[in-house]
Amino acid sequence: MASTTRTPHPREKRIIFKNIDRPDWTNDIGCYLQDGGYEELKKALTMNPQEIVNEVKASGLRGRGGAGFPCGVKWGFIKPGGPKPAYLICNADESEPGTFKDRYIIHQDPHQLLEGMIISCFAVNARLAYIYIRGEFPEGAKILERALAEAREHGFLGKNILGSGFDLEIYVFRGAGAYICGEETGLIESMEGKRPYPRIKPPYFPAVLGLYLCPTIVNNVETLCNVKYIVRIGGAEYAKIGKPNNTGTRLLCVSGDVQRPGYYEFEVGGVTMGELIYDICGGLKPGRTLKAVIPGGSSAKVLSAKDRYKIKTKRPDGTMVENEIGLEDVPLDFDTLAAVGSMAGSGGVIVMDDTREMVWALNNINEFYAHESCGQCTPCREGSLWMKKITERMLHGGGAERDTDTLKSVADNIAGRTICAFGEACAWPTQSFVAKFRDEFVATAGTKGNGNGSTNH
Amino acid sequence: MELTAELQARIDEVITHYPVSKRSAALPLLHLMQEHSGFIEDDAVTWIATKLGLEPINVLELVTFYPMFRREPAGKHHIRVCRTLSCAMAGGYQLLDTFCKHAGIQRQGNGHGTHLHKSEDGKYSIEFVECLASCGFGPVCMINDDFYEAVAEQEVPQLLEKYQ
Ligand SMILES: Cc1cc2nc3c(=O)[nH]c(=O)nc-3n(C[C@H](O)[C@H](O)[C@H](O)COP(=O)(O)O)c2cc1C
Ligand code: SF4
Ligand code: FES
């Protein structure tokens, strides 16, 4: 319970986390209003909803929950004046290992989220909305309930909000410990009072057939907070932050083997992996060297410090040039992380130094996915468990050299063959760890195992 | 099953949050029942089903799926330790062992158990849970609804003392 000083680093650009850890800040509506809170809501209510959708489109904002889908495009799927009501759900399930950002918005700046949500509901004409918060945030749920009550008292929620004629109710819905509820269609099933079995897309895209089979927008907490900011400065101005197609700021959550782990906010692509680890997070522990980084939550493919990556960049004259760079030179934006074979994902950066065994690390991740598979699809339900059993016997004895290939083959037979993206999420760690650290897997299986597949611990 | 008037009122209020489908209140009602009784009794399953116009199996299948719902009482104080990678790198497994040692809990195996591990006097129960979304400040744990980060092993005895 060591107290951690969490003052922002000078290189940060804090927009969404502006109020986090501010010494003079409290999470009640009084403090928020004094700081100019709900001004963007007032502004938004004078705009035409379609105008707001257009500003969000122009901003280039990409979803912060994991997939990086353009927010304005998603909103555009909701057709004004359709026969069915539209709903909006804030995804506050924050359960991707390595990710810890939405927690702080909910606990310390709940009104920023509510303001972003109310504006978003107005934009897509949703009159009923929910915040799906993971069950393990009991205090967060209480804080949100209180913030909602305060917002209602001030006329920011309920009937005829600030005289605009727009009605909206928002309620908190608590999950109960299942990771798959973060997947948007699993989340919707859960909200309908069922097991959170994800739905198949197509046809069940939430924007078409979502909650109660009505058009539904599901957005991450951080994404919705950005909407408030877009209304303030306009989409075009927002698009100047970050890089083309990678606009705005990003909350990065750094954990693992660095001196100063924590949460940071930068312009998207504003820092490289090396700058993040060495300049911002104080470097590795003394005497250690960098071995591997998982850049976007545990589902993202691991990157090895030894690898070289070919990326294309644009010269000032517009021509493209291909460069070869090391892990430390990779700028942390959506497109570059995809180009080097991983993803920006949820913003959770897990750093591992040379003391870490890769079989151990993968086994820990495999146990997570084996526990969290919802069990609908055979490749995922069985495969996630097999992968865990194999890495476990590699670690504790009973592994065989062929296990390395078996692991890869199991993973290859999950990805692309399942109802939801959990299939990829559980296959990617195994595929990438085995590809990048093959020798270590072979050696661990060979030395510790007795070759007959039995475990002897 | 005896429900206090206050709980009844709370239940009726929560159901109004779901004007489109009462069934959506199943999870919220299970939370309220567990807060009230400490776990989900058979009677609670049938009670919720009747209240929401469902078959009991529609409610029971939620209890058996969602890890937070219990079919048996926990200890007076329930400890959850994060098992996942960043916390494991920071000593999460050792933290769980230390809690067990000081709370007098015998625990077998390191994975997820089907039933809870409890101390003999019933004061504490413990389980591993997956990532609690505070990975930079591991190892983290929850005791009841209270959250603790960067918990050092030597702090465990004084921490347990707060929960009598
Ligand atoms: C297995 C799985 C788990 C997910 N968990 C979360 C989560 O905890 N929080 C979240 O915001 N999105 C999560 N997502 C992504 C959501 O499905 C969805 O894409 C996102 O909430 C959309 O919001 P955005 O466009 O604002 O990012 C998860 C996806 C998958 C496949
Ligand atoms: S891929 Fe896995 S988690 Fe997703 S629906 Fe299939 S079994 Fe469930
Ligand atoms: S890994 Fe323990 S809180 Fe995320």
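Chain naming here is simple, since letters A, B, ... match the order of the sequence lines and numbering starts at 1 in each. In this text, all values refer to a predicted model and were calculated from it rather than measured experimentally.
The line from CG of B:L85 to CE of A:M352 is 6.0 Å long, rounded to the nearest 0.5 Å. With values rounded to the nearest 0.5 angstrom, A:K194 atom NZ is found 8.5 Å from B:S24 atom OG. To the nearest 0.5 Å, atom OH of residue B:Y18 and atom CG of residue A:L128 are 9.5 Å apart.
Contact of A:I294 with chain B is made through the side chain alone, with heavy-atom distances under 4.5 Å. Only the backbone of A:V172 comes within contact range of chain B, judged by heavy atoms closer than 4.5 Å. Heavy atoms of B:F147 lying under 4.5 Å from chain A belong exclusively to its side chain. Interface residue A:S190: backbone and side-chain heavy atoms are both found under 4.5 Å from chain B. Of the atoms belonging to A:R356, it is side-chain heavy atoms, and not backbone ones, that fall under 4.5 Å from chain B. In this structure, chain A has heavy atoms under 4.5 Å from both the backbone and the side chain of B:H17. Only the backbone of A:V351 comes within contact range of chain B, judged by heavy atoms closer than 4.5 Å. Both the backbone and the side chain of A:E94 come within contact range of chain B, each with at least one heavy atom under 4.5 Å from a heavy atom of that chain. Using a 4.5 Å cut-off between heavy atoms, A:R103 contacts chain B through its side chain alone, with no backbone atom that close. In this structure, the portions of A:P196 lying under 4.5 Å from any heavy atom of chain B include both its backbone and its side chain. Both the backbone and the side chain of B:M89 come within less than 4.5 Å of a heavy atom of chain A. Proximity to chain B is limited to the side chain of A:P138, based on heavy atoms less than 4.5 angstrom apart. Neither the backbone nor the side chain of A:N363 comes within less than 4.5 Å of any heavy atom of chain B.
Applying the side-chain hydrogen bond (donor to acceptor under 3.5 Å, both in side chains) definition to pairs two or more places apart or across chains, those involving residues 43-61 of chain B are B:D12-B:K51.
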* To do: Take A:Y87 and B:V20 through the side-chain contact (heavy atoms from CB on, under 4.5 Å) test and state the conclusion after the steps.
  => CA-CA 11 Å; A:Y87 303 112; B:V20 183; 3.3 Å; yes
* Asked: Are A:E367 and B:R83 close enough, and set up right, to give a side-chain contact (heavy atoms from CB on, under 4.5 Å), and what steps lead you there?
  -> CA-CA 9 Å; A:E367 179 154 356; B:R83 190 209 63 82; 3.6 Å; yes
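In this view, A:K101 and A:E222 satisfy the salt bridge (charged side-chain N to carboxylate O under 4.0 Å, His left out) rule, not counting sequence neighbours.
Tested against A:S255 for a side chain to side chain contact (heavy atoms under 4.5 Å, CB included), the candidates B:C131, B:S134, B:C135 yield a single pass: B:C135.
The candidate from A:Y179, A:F137, A:W360, A:Y263 with the greatest count of non-hydrogen atom pairs under 4.5 Å with chain B is A:W360. Your options are A:C181, A:G256, A:G135, and the one with the most heavy-atom pairs under 4.5 Å with chain B is A:G135. Annotation: maximal heavy-atom pairing with chain B below 4.5 Å, among A:C374, A:G262, A:C253, A:S95, occurs at A:C374.
Between B:E130 and A:E372, some side-chain heavy-atom pair lies under the 4.5 Å cut-off.
The aromatic rings of B:F137 and A:Y104 lie perpendicular to each other, with more than 60° between the two planes, well past the 30° mark.
Ion pairing between a basic and an acidic side chain is recognised when a charged N comes within 4.0 Å of a carboxylate O; B:E35 and A:R174 show such pairing.
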